Every structure is written in C-alpha cells, then in structure tokens.
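Quick note: numbers below take in every heavy atom, side chains included, and nothing from hydrogens, waters or symmetry partners. For the single chain, residues carry numbers from 1 onward in sequence order. What you see is a predicted model; the values in this text were computed from it and never measured. Whatever order the structure lists ligands and atoms in, that order sets their numbers, starting from 1.
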Amino acid sequence: MKILKGQPVVGGIGIGKAKFLRREKTIAPPKIIKGEEAQQILRLERAIEKTRKELEELKQHIEKTLGKEHALILDAQLLILQDKKLLEELTERIIKNLDSAEKAIKALIEKYHGIFSQVEDYHLREKIHDIEDILRRIEKNLGETALEENWAQTVVVARNIFPSETAHIISRGRPEAFVLEFGGETYHAVILARAYGIPTVVGIEDVEKEIKEGETLVVNGDEGVVIVSPTPSQISNYRALRETLREEKEKLKEIFKEPNETLDGTPFSLLVNIEFPTEAEAIPTGAVDGVGLFRTEYLLLLSQRVPSEEEQYEVYSQLAEKFSQVTLRLFDLGAEKKIADLPFHEEENPALGERGIRYLFSHKDLLYPQLRAILRASARKRNIKLMAPMITNLEEIRELLLVVEDAKGQLRMEKKPYDEKIKIGIMVEVPSIAMLVERAAKLVDFLSVGTNDLTQYIFAADRANERVSKLCNPLDPAFLKLMRFMIKKARDYGKEISVCGEMASRPLHAAVLLGLGLREFSVSPAMLPIIKKVLSSVEENVLRKKINTALRLPSGREIESYLLKEMEKIYPEIYRWIRRVCHEKKGKALGV
Ligand code: PEP
Ligand code: MG
C-alpha cells in the first residue's frame, strides 16, 4: 500500500484498476525494400480492419446518442471502406512503387485532393471528403497504438491527456477516475471529467513510475489522494463512502424543483455547459434555463473529422428543440485542441497563438459552414445565440459581425430561413477586451466571461501546467476587481453577462460572483445541483457586503479563508457542502 498526494480537482471516490494511456507513434520510411511488400500489405489490412471496428463503434455511439439519421454518414464511410478497389489501389502502389503503407495512403490522399479542388458539385465534393477522411483514419491506425477500447471502471493514468483523448475515452465507457501528472482546475481533461462527475487528481509527480498498470487504485478526488494497492479494509471503507456520496448527490437533485432565486428573492439564471450533445440528455428538463456554452469544437475532437454543414445543422437543431435557449460557441480550436485533418502551424506559445476566433478568421472554409449551420438552426425556434471565443479587440468584433452578415446574405440568396434577430455575443477571456468591456458591450448582444482563460492570461500562468496553475486563482483581489468592473459595465449598458468558465461551477466562487452582481451562471452538468443549492440558500445583500469587505484583503488565500469563515457562521449547511465539494475537508482520508 502506498499513498500519493496530488491536487484535488474533481471530487468523489473512484476505485478501479490502473490503465495507462499510451500513444506510441512509429515513424515509417516512405520507401520499402523489395521483399517487404507482403508485410506492408498486412499492416494495411490490419489498419483497415481496425478502422472498420472504430467506425462501427462510433456509429453505434452516435445512433445511441444522436439518433439513427446522424449515423448515416458513417454508413457511407463503412461502404467506402468495404470497397475492394480502395485496398487494390493501395496494394498496387506498395507493389509497383515500393511505397510504404503510409506513403501509399498519402499519395492517394493527394490524388483525391487534386480531384477535390476541381469538382464543383457539392455532393461529389462531400463524397471525396469522406474518402479522404477514411484514408486519414487508416493512416492513423497504421502508426499509433490505438487508445484502448474499453475504459469503463478503470482508473485512467497518464502524464498529460489531450481533450480529444479524454473525449474518446469517456465515449468508450465511463472510467472510475483520472490520475494525471499535469493539469489544474481548468485543464480541458479536468473540465470534461467534472462535467461527467469523474473523480480526478492531478499533479502526481512521476505518475508513470509510482503506479503500475493493473494495480488497484482508490482515488479520493475530495482530498487529492491516490491509494495504490489499498488494503481490503480501505477498499470497503471507500466503497461505503462512495455510496453515501452518490446518495447525497441524488437527494440534492430535489433542489431543481425550487425556483431560481436567492433566499432574499433575487432571481438568477442557471445554464449548463456541454461538450457533447449526449451530455444534454442526462439533464432533466426544467433543471436549467438553457445551454450557456456548447463547446462545439468537441464535435471535431470526438470524431477526429470536420462535420459537414448538414451534420452540424442537425446537432444544433436538436439542442434548440430540447432547451429554451442555446448558446453555440464557434469552434475554439488551436492550442491543445487540434485534429489531424486540419492544418495547424507549429507554435512556440500555443496558448498565445492562433486559436479561437483567430484560427477561424484565417480558415474561413471552416467558419462559414458553421455560421450557416447555426443560422439555419436558429430559424426553428429562434432560441439560438452565437458566441465567438478568444476575441481580443473591437476590430475582431466588427469582423465577426461582418462575416455573420455575409453568411446571412448567402442564406437569403438561397432562400433558406434563419433568425434575423439572432443574438451575437463574445467570450470575454482575453484581458484586452475585458478592459474595453463597455465598448464591446455596445457592439454585441451579450458577453460571457471565460474565467479559465481570463485567469491564465491575467496571471500569466498556464492553466494546464500543474506547477503554476494554482496562480490562476479567481478569488485573487485583482481578478475579483476585474469581474466586478465587467459585471457593472455590462449591466450599465443593459447587456446580458454570464460566467461560463469553471469559476461558476465552484460553490464558494459562485456565491462570490452573486455578491459581485452576477445573475447568469453557466455550469458544468454534474455541478448543477450543488450550485443551485448554494445560490438559492444565500442572501444576495449579505454576500454583497461580505465581498466588499473581502476585497480589501491582500490575497486570494486570505479572501477564501475569510469567506469560508463567514459562510460557516451564516450558512452552516452550505458551508458543509462547500467544504466537501471544494476539496477542503479537514481530517484524514479514510483509513489512511
Ligand atoms: C474559458 O476559457 O473560461 C472557457 C469557458 O473556455 P474553455 O475552457 O473552453 O477555454
Ligand atoms: Mg476559453
């Protein structure tokens, strides 16, 4: 038995066998020598088989989560894969040109690329795009040890993990927990784990040496503790605790029946953040006022391809059917959110690089189909809002408004309906636009504060780097002052302002935001009940005064301990919940 201490980022207890995330990439030479042909063809056949299995699984997943009609595209791809001509053409290149399997695929992609650029027919172009997509998948499966297929009930152990990998793992069975070396509260894998309520501990040094594949782990996401090879009594204690926590969380859902208002009658709006349309299914109707943030880039990250305008239109329309309002954020790609199908430059500082709206403005072929899909979906119930990520200055807002007008113009010409009055908003997550918030508010309909990025840029600390991510403290007086300023300015101009960063999903922080004047909270799905419980159990006028006092303190740590003490005095029940969810329970982990 051994105990590892890390940083608690998603609460709860997970018990399971350690399973490592491995990605080994073999670099293949472009040419082979005579006699190696059969081996290359065998590799190719295996990769094709693996791709077929992957697509079958993806199809089942999409059928289950989005419905049969969405899976049609995969049927088309499976047919292409079964087409003998594809293997024949690749085999011929291997035999005749002595190309490696990778080179043969690349050459075929280039060939289709050439054809693609000359074809005008929309349907034919889509078909060629599908063939390319298949070829890229086969190529990927040649070189990489694919991610293990079933992650249910395992504890995923990794040094770092990309958003696309996390999405892939979660879609293939819910793991018991994540144990990572890198990361912080707002690391993308952590955001996803939180959305699904999967206990997570980050910052475990030398995780790959400390833990061995297959070892039993108890992950205590409330304390940031990982027990390696626990004793039988520790396992049974933790199982019992896991059950109690589950029951408590279930009971808490009763709160959804209550109105969205504080104890002293201040109304607030509770929205949800989602990454996959499936997350929306688990949310009881009536529990939320809508989707405050759909991170649409996960549509790409999960399938590793760019969905067509039609596919996007279907997904957005279905969300609009289910919720009374839906805020669709344009693809926030770049930094660690990338797919092989799209071109990205090597960057020294990716977080400060071409990401979010910057990437979309220089890849209009990606931007326009998305704008058109959003606009078309907005026609049905007129309840869709469009939001742009990583806006830096007012010029970018003007450009955004222009491209939206342009896309509307295209649809008018094609006689396709859309909501003329669709609300356009921006994420406030870059300090420069936060400082110009009142001028931004004049140009757009709404603002949503991305505290995950805004803290990383304000404190100059990488949100994904566990060594410095603690500096991204939203309770730091510098950050609270900025939040108060922004909320006031937006409200002065009569514009809606919400927080969709993780700050709104943390109980104490949500209460602080209420005291700072915020009325719209967009929250991670698994955190909805607790945030609702906190907001509806406190008085706005009490918090406002407490925050004013807190703001005079010199550090985030002091502000936090002052506010916790006050909460304990005034709202003891809420204090207990905050303690639990904020991983600050005193005392030792069970049996340790
Ligand atoms: C944010 O930055 O706070 C945000 C909501 O966006 P993301 O976490 O997807 O970068
Ligand atoms: Mg962001």
> Which atoms from ligand 1 have a heavy atom of Lys337 less than 4.0 Å away?
9 (O)
> Are more than 12 heavy atoms, taken from residues, nucleotides or ligands other than Lys381, located less than 6.0 Å from that residue's NZ atom?
yes
> Is it true that Arg329 lies under 4.0 Å from ligand 1, counting heavy atoms only?
yes
> Heavy-atom count around Lys470 NZ within 6.0 Å, excluding the residue itself: above 12?
no
> Taking atom NZ as the centre, does Lys488 end up with more than 12 heavy-atom neighbours from other residues, nucleotides or ligands that are less than 6.0 angstrom away?
no
> For Asp419, enumerate each residue passing the salt bridge (Lys or Arg N to Asp or Glu O under 4.0 Å) test, keeping only those at least two apart in sequence or located in another chain.
Arg382
> More than 12 non-hydrogen atoms from neighbouring residues, nucleotides or ligands closer than 6.0 Å to CD on Glu347, yes or no?
yes
> Which of the numbered atoms in ligand 1 are under 4.0 angstrom from any heavy atom belonging to Thr451?
3 (O)
> Centroid-to-centroid, Tyr359 to Phe344, below 6.0 Å?
yes
> side-chain contact (heavy atoms from CB on, under 4.5 Å) with Glu438: which residues, sequence neighbours excluded?
Phe485, Lys489, Tyr493
> What heavy-atom pair brings Ala167 and Leu302 nearest, and what distance separates the two atoms?
O-CD1, 3.5 Å
> Within less than 4.0 angstrom of ligand 1, does Glu336 place any heavy atom?
no
> Around atom CZ of Arg174, are there more than 12 heavy atoms of other residues, nucleotides or ligands at under 6.0 Å?
yes
> With respect to Glu502, determine whether any N or O atom, backbone or side chain, lies less than 3.5 Å from an N or O atom of ligand 1.
no
> At a non-hydrogen distance cut-off of under 4.0 Å, which region of Gln456 contacts ligand 1 (side chain, backbone, both, or neither)?
neither
> Should you measure from each heavy atom of Ile191, which atoms of ligand 1 turn up under 4.0 Å away?
8 (O)
> Looking only at N/O atoms, are Glu297 and ligand 1 under 3.5 Å apart anywhere?
no
> Less than 4.0 Å between a side-chain N and a carboxylate O, is that true for Arg376 and Glu309?
yes
> Do the charged groups of Arg519 and Glu540 touch, with an N to O distance under 4.0 Å?
yes
> Which of the numbered atoms in ligand 1 are under 4.0 angstrom from any heavy atom belonging to Met427?
4 (C), 5 (C), 6 (O)
> For ligand 1, is any non-hydrogen atom under 4.0 Å from Met390's backbone (N, CA, C, O), its side chain (CB onward), both, or neither?
neither
> Apply salt bridge (Lys or Arg N to Asp or Glu O under 4.0 Å) to Lys5 and list each qualifying residue two or more places apart in sequence or on a separate chain.
none
> For ligand 1, which part of Glu275 has a heavy atom less than 4.0 Å away: the side chain, the backbone, both, or neither?
neither
> State the atoms of ligand 1, each with its element, that fall below the 4.0 Å cut-off from a heavy-atom position in Arg463.
2 (O), 7 (P), 8 (O), 10 (O)
> Short of 2.8 Å from the Mg ion (ligand 2), name each protein N/O/S atom, waters not counted.
Glu429 OE1, Asp453 OD2
> Is it true that a side-chain atom of Tyr187 and a backbone atom of Ile161 form a donor plus acceptor pair closer than 3.5 Å?
yes
> Taking only heavy atoms of Cys500 into account, list the atoms of ligand 1 that are under 4.0 Å away from them.
5 (C)
> For Arg295, counting its heavy atoms only, list the atoms of ligand 1 lying under 4.0 Å from any of them.
4 (C), 5 (C), 6 (O), 7 (P), 8 (O), 9 (O)
> Using a 4.0 Å cutoff against the non-hydrogen atoms of Gly450, which atoms of ligand 1 qualify?
1 (C), 2 (O), 3 (O)
